[in-house]
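Let me begin by presenting the structure, written as structure tokens, before commenting on it.
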Amino acid sequence: MPRTKFVVGNWKMYTTIDQARDLAAAVVRDLGGEDRVRVAVCPPFPWLTAVAELVAHSPVELGAQNCYPANEGAFTGEVSPIMIREAGCRYVILGHSERRHGLGESDEFIRRKVRFALDTGLDVILCVGETLAEREAGQLHDVTSRQLTSALDGLERERVARRLTIAYEPIWAIGTGHNATPEQAQEAHRFLRDRLRGMFGEETAEAVPISYGGSVKPENAAAIMGQPDVDGALVGGASLKAESFLAIVWAAV
Ligand code: 13P
């Protein structure tokens, strides 16, 4: 069965509450009843409940950008998967490079989060990707394979097949305007799918969507998502305007 394309807006630490409401309302309005592509938005934590109300009863789904691997506790400043669920989210983004590299999150910490989020009923969007230095040193496969294996090893096939999305986000392409070429994206995605096949078998590897992230724009979206192993996009900057985000969504149809 062909995989339905999945386009996710990662709003990062942008938007005021008014901008978040306007953006969510515009995405809901402009998407209409479109169901040939799956669409989700991931606002900052404080706006989740407000955006949840706006996307309710629409095909637009909601995700959070992070979580802590505990239900509750003395973890000042952290947000639990249960809270995220209660706020109306289906998804959580984990392992984003801005947290791995900017905030020092380890493979082991991300592994714990992935398990906790799945146990709580959240679907996980797991980000993997290499730095420019790693790519130039020929380490693309080693790095992304390590990130994937560390986060997923030991999970049940069923969970991986139904509840997980991989986002390949080469760090050198994030926020730089320099997207991976469609061929570079396809090569990395095919490698990741082969790794999934090795870990979980053919059926699971074919079921898991692998989305691309890193300077996705309306101008490059169709070519990148047109590759056989690219199943969608994780969009940063261009998701902050309904017009550019929806143009990327239409490129996926
Ligand atoms: P940009 O689309 O701004 O490059 O960000 C990509 C990203 O990090 C999405 O998670």
Side-chain angles (χ1 to χ4, degrees), residues 5-15 19-20 23 27 37-45 47-48 51 60-67 84 89-105 110 113-114 117 122-132 134-135 143-144 147-148 151 164-182 184-185 188-189 192 209-225 227 230-252:
K5 294 271 195 280
F6 186 28
V7 179
V8 179
N10 175 8
W11 297 359
K12 305 194 180 183
M13 201 173 71
Y14 290 105
T15 69
Q19 287 167 343
L23 179 54
V27 170
V37 50
R38 293 160 56 214
V39 175
V41 293
C42 302
F45 285 133
W47 315 153
L48 283 175
V51 172
V60 180
E61 296 190 288
L62 192 63
Q65 299 173 20
N66 183 33
C67 70
I84 288 168
C89 291
R90 172 172 173 187
Y91 299 99
V92 62
I93 298 172
L94 295 175
H96 196 284
S97 64
E98 285 152 12
R99 302 200 63 87
R100 288 182 191 267
H101 292 263
L103 297 163
E105 288 194 0
I110 293 160
K113 291 189 195 200
V114 168
L122 289 167
D123 289 0
V124 168
I125 300 170
L126 174 72
C127 302
V128 300
E130 81 289 4
T131 64
L132 185 59
E134 288 164 343
R135 171 170 277 263
V143 169
T144 54
Q147 292 168 336
L148 196 75
L164 196 91
T165 298
I166 306 296
Y168 169 62
E169 297 209 313
I171 295 167
W172 46 272
I174 296 176
T176 59
H178 301 296
N179 57 282
T181 64
Q184 286 173 321
H189 285 227
L192 290 167
I210 307 179
S211 289
Y212 167 82
S215 297
V216 177
K217 301 175 271 250
E219 305 84 67
N220 59 27
I224 294 173
M225 288 190 285
Q227 298 297 310
V230 180
D231 304 314
L234 182 53
V235 188
S239 73
L240 294 171
K241 293 225 161 30
E243 197 185 356
S244 45
F245 184 58
L246 265 297
I248 293 167
V249 170
W250 302 135

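Atoms within each ligand, like the ligands themselves, are counted from 1 in listed order. Starting from 1, each residue takes its place in the sequence as its number.
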Any atoms of ligand 1 less than 4.0 Å from a non-hydrogen atom of G214? List them with their elements.
4 (O), 6 (C)
Between atom OH of Y168 and atom OG1 of T144, what is the distance when rounded to the nearest 0.5 Å?
7.0 Å
Rounded distance [0.5 Å steps], CG in L126 versus CD1 in I93
11.0 Å
For atom 5 (O) of ligand 1, find the nearest protein heavy atom and state the residue, atom name and distance (0.1 Å precision).
K12 NZ, 3.2 Å
Is there a donor-acceptor pair under 3.5 Å between the side chain of Q65 and the backbone N or O of K12?
yes
Looking only at protein heavy atoms, identify the closest one to atom 2 (O) of ligand 1 and say how far it is in Å.
G236 N, 2.9 Å
Taking atom CD1 of I171 and atom CD of E98, what is their separation to the nearest 0.5 Å?
9.5 Å
Could you pull out, from A238, G177, A167, G237, the option with a heavy atom nearest to atom 1 (P) of ligand 1?
G237
Quick one, Q227 with H189, criterion side chain to side chain donor-acceptor pair (under 3.5 Å). Give me CA distance, side-chain angles, the key distance, then yes/no.
CA-CA 9 Å; Q227 298 297 310; H189 285 227; over 6 Å; no
Interfacing atoms of ligand 1 (cut-off 4.0 Å, heavy-atom, N10)
9 (C), 10 (O)
Pair W47-T15, side chain to side chain donor-acceptor pair (under 3.5 Å): steps then yes or no:
CA-CA 9 Å; W47 315 153; T15 69; 3.1 Å; yes
Working to the nearest 0.5 Å, report the span between NE2 of H178 and OG of S215.
8.0 Å
Please list, in number order, the atoms of ligand 1 under 4.0 Å from a heavy atom of A173.
4 (O)
Against heavy atoms of L234, which atoms of ligand 1 measure under 4.0 Å?
9 (C), 10 (O)
Pairs of nitrogen or oxygen atoms closer than 3.5 Å, one from H96 and one from ligand 1: do any exist?
yes
What protein heavy atom is closest to atom 9 (C) of ligand 1, reported as residue, atom name and distance in Å?
E169 OE2, 2.9 Å
